[in-house]
Amino acid sequence: MNSSLKRYFPIFVLPTLLAFLIAFLVPFVIGLFLSFCDFTTISDAEFVGLQNYKEVFAARSGFNSAFLFTMLVVVVSIVTVNLFAFAIAWVLTRKLKGTNFFRTVFFMPNLIGGIVLGYTWQVIINAILAKYQTTIIADWKYGYLGLIILINWQLVGYMMIIYIAGLQNVPPELVEAAEIDGAGKWGILRNVTIPMVMPSITICLFLTLSSTFKMFDQNLALTNGAPASQTEMVALNIVNTMFYRIGEEGVGQAKAVIFVVVVVVIAMFQLRATRSKEVEA
């Protein structure tokens with residue numbers, strides 16, 4: 001059996017490997033090369049060295065402010081999404097009536113596209129702000145709060161499902177042993193439940209971080225960066241540079257490369273930090 005698997009292993013791996021090369025690796029290498037070029041198409045690319053990377057951090061580029069705003073959104077979203085998701089999952093794993101119904105209700109927003117969610121929440125928030133004679137794009141704080149609400153609305157249900165799976169795998173005997181030892185609900189949650197659910201926490205933190213960092217369609221639909229690009233996240237800034245600023249295609253590509261590197265580094269750091277807690281648990 002093992003010899004047959006080894007013999008035919010390349011045949012089974014080949015389709016996935018080709019898809020990976022065509023859809024990811026080759027475009028990434030081409031994009032990395034273009035980030036050092038001045039171009040409008042691949043055929044007319046002219047090597048300019050690090051000039052594009054220098055222009056990325058220029059004030060007119062808007063990359064610095066977009067990255068700072070993105071970090072503000074990401075940090076708050078990671079905390080709020082996972083706290084709400086874990087709390088809801090903990091409640092819905094108790095012996096309560098209608099838990100399946102509530103699980104479905106909380107998960108449904110995740111099935112709605114980002115563009116639809118963005119325009120929906122834009123209408124809702126503008127309807128509320130109309131009472132105060134303002135709109136979501138009148139102040140960046142409104143747009144920031146709107147993005148946080150939208151992200152929580154979309155992601156909490158999905159993370160909740162992962163946390164429910166983790167909570168259901170906590171051995172009952174551990175909880176019973178803790179209760180016998182006199183531990184209260186908070187002690188059980190902190191010393192038994194959370195350590196046992198750390199694999200789920202690792203996954204949810206990673207998914208929240210990556211989803212929020214690369215957010216584009218929700219940002220586009222909700223505020224489109226208004227007012228004055230103050231609510232422009234990095235993904236939207238890259239697209240605007242690539243497709244709406246003539247002659248800055250190389251700068252946009254350089255932004256994309258920097259963005260990928262930063263997100264990968266932060267994600268790897270997060271995975272390493274949370275996985276170390278899994279080992280301790």
Side-chain angles (χ1 to χ4, degrees), residues 1-37 39 41-43 45 70 74 77-78 81-82 85 89 103 107-117 151 154-166 168-169 197-220 233-236 238-239 242-243 249-250 252-279:
M1 182 65 178
N2 290 333
S3 60
S4 298
L5 289 174
K6 292 179 180 179
R7 182 183 306 171
Y8 296 106
F9 177 77
I11 298 176
F12 290 108
V13 170
L14 184 61
T16 303
L17 181 60
L18 287 175
F20 176 77
L21 290 174
I22 295 171
F24 178 78
L25 189 58
V26 172
F28 179 79
V29 173
I30 294 173
L32 183 61
F33 167 73
L34 290 176
S35 69
F36 296 97
C37 299
F39 69 95
T41 63
I42 296 177
S43 59
T70 302
V74 169
S77 296
I78 288 176
V81 166
N82 286 279
R103 291 178 188 180
F107 182 75
M108 284 180 65
N110 186 257
L111 304 177
I112 305 174
I115 292 289
V116 176
L117 275 178
I151 293 168
Q154 185 176 30
L155 296 183
V156 163
Y158 186 73
M159 304 306 159
M160 174 201 70
I161 296 298
I162 298 175
Y163 281 127
I164 286 175
Q168 289 178 336
N169 287 326
V197 182
M198 276 307 300
S200 296
I201 294 175
T202 298
I203 295 171
C204 288
L205 289 177
F206 175 78
L207 291 175
T208 308
L209 185 148
S210 59
S211 298
T212 309
F213 253 119
K214 66 183 182 182
M215 180 175 292
F216 167 74
D217 45 357
Q218 297 93 329
N219 187 203
L220 174 68
M233 298 180 72
V234 174
L236 181 59
I238 292 171
V239 171
M242 281 287 294
F243 299 103
E249 292 83 358
Q253 189 60 50
K255 289 180 179 181
V257 171
I258 294 172
F259 185 49
V260 168
V261 172
V262 170
V263 173
V264 169
V265 170
I266 293 175
M268 293 302 294
F269 178 79
Q270 175 262 310
L271 287 173
R272 182 177 180 180
T274 51
R275 280 178 176 171
S276 66
K277 299 295 182 181
E278 293 178 29
V279 174

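What's counted below: heavy atoms across the whole structure, side chains too, no hydrogens, waters or symmetry copies. Model, not experiment: these values are computed from the prediction.
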Undergrad: Rounded to the nearest 0.5 Å, how far does CD1 of Ile164 lie from CG of Asn169?
TA: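 That separation rounds to 12.0 Å.
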Undergrad: Please table the atom pairs, donor to acceptor, closer than 3.5 Å between any side-chain atom in residues 253-268 and protein atoms at least two apart or in another chain.
TA:
residue: Gln253; atom: NE2; partner: Gly31; partner atom: O; Å: 3.4
residue: Lys255; atom: NZ; partner: Ser61; partner atom: O; Å: 3.1
residue: Lys255; atom: NZ; partner: Ser61; partner atom: OG; Å: 2.9
residue: Lys255; atom: NZ; partner: Asn237; partner atom: OD1; Å: 2.8
residue: Lys255; atom: NZ; partner: Thr241; partner atom: OG1; Å: 2.8

Undergrad: Minimum heavy-atom separation for Ala45 and Phe33, please, with both atom names.
TA: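 Heavy atoms of Ala45 and Phe33 come nearest at CB-CE2, 4.5 Å.
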Undergrad: Sequence neighbours left out, cut at 3.5 Å: what donor-acceptor pairs do the side chains of residues 9-29 make with other protein atoms?
TA:
none

Undergrad: Are Val81 and Ile151 close enough that some pair of their side-chain heavy atoms sits under 4.5 Å apart?
TA: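 A side-chain contact under 4.5 Å exists here.
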Undergrad: Please evaluate residues Leu205 and Ile78 with respect to the criterion side chain to side chain contact (heavy atoms under 4.5 Å, CB included), reporting the C-alpha separation (whole Å), side-chain torsions for both, the decisive distance (0.1 Å), and the verdict.
TA: CA-CA 7 Å; Leu205 289 177; Ile78 288 176; 3.6 Å; yes
Undergrad: What distance do Ser200 atom OG and Ile161 atom CD1 have between them, rounded to the nearest 0.5 Å?
TA: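 Those atoms lie 11.5 Å apart.
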Undergrad: So does Val234 get a backbone contact from the side chain of Thr70, meaning a donor-acceptor N/O pair under 3.5 Å?
TA: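 Flag set: sc Thr70 to bb Val234 pair under 3.5 Å.
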Undergrad: Just how far is it from atom CG of Asn110 to atom CE of Met160, taken to the nearest 0.5 Å?
TA: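 Asn110 atom CG to Met160 atom CE measures 10.0 Å (nearest 0.5 Å).
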Undergrad: Determine whether more than 12 heavy atoms belonging to other residues, nucleotides or ligands lie under 6.0 Å from atom CZ of Phe107.
TA: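 Count over threshold, so yes.
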Undergrad: Over all heavy atoms of both residues, which pair between Val239 and Phe216 is shortest? Give the atoms and the distance, please.
TA: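 Answer, listing the atom of Val239 first, then Phe216: CG2-CE1, 3.7 Å.
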Undergrad: As an exercise, state the distance from CZ of Arg275 to CE of Met198, rounded to the nearest 0.5 Å.
TA: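 If I round to the nearest 0.5 Å, the distance is 11.0 Å.
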Undergrad: Run the numbers on Ile112 and Gln154 for side chain to side chain contact (heavy atoms under 4.5 Å, CB included), then give the verdict.
TA: CA-CA 8 Å; Ile112 305 174; Gln154 185 176 30; over 6 Å; no
Undergrad: Should the heavy atoms of other residues, nucleotides or ligands under 6.0 Å from OH of Tyr158 be counted, would the total exceed 12?
TA: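 No, the 6.0 Å shell around OH holds no more than 12 heavy atoms from other groups.
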Undergrad: Run the numbers on Ser77 and Val74 for side chain to side chain contact (heavy atoms under 4.5 Å, CB included), then give the verdict.
TA: CA-CA 5 Å; Ser77 296; Val74 169; 5.8 Å; no
Undergrad: Any side-chain heavy atom of Phe206 sitting closer than 4.5 Å to one from Gln270?
TA: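 Answer yes - side chains close enough.
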Undergrad: Quick one: closest heavy-atom pair of Met242 and Glu249, and the distance?
TA: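 Heavy atoms only, the tightest pair is SD-O, 3.1 Å.
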Undergrad: Which atom pair, heavy atoms only, marks the closest approach of Thr208 to Thr212?
TA: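 Scanning both residues completely, I find the closest heavy atoms to be O-OG1, 2.7 Å.
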Undergrad: If you take all heavy atoms of Met159 and Leu207, which pair is closest and at what distance?
TA: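 The pair with the smallest heavy-atom distance is CE-CB, 3.6 Å.
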Undergrad: So, the side chain of Asn219 versus the backbone of Met215: is there a donor-acceptor pair under 3.5 Å, distance only?
TA: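 Checked: no pair found.
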Undergrad: What closest approach, in Å, do Leu34 and Ile42 show between heavy atoms, and which atom pair accounts for it?
TA: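 Residues Leu34 and Ile42, closest heavy atoms: CD1-CG1, 4.1 Å.
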Undergrad: What distance separates Lys214 NZ from Leu209 CG, expressed to the nearest 0.5 Å?
TA: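 Rounded to the nearest 0.5 Å, the NZ-CG separation comes out at 11.0 Å.
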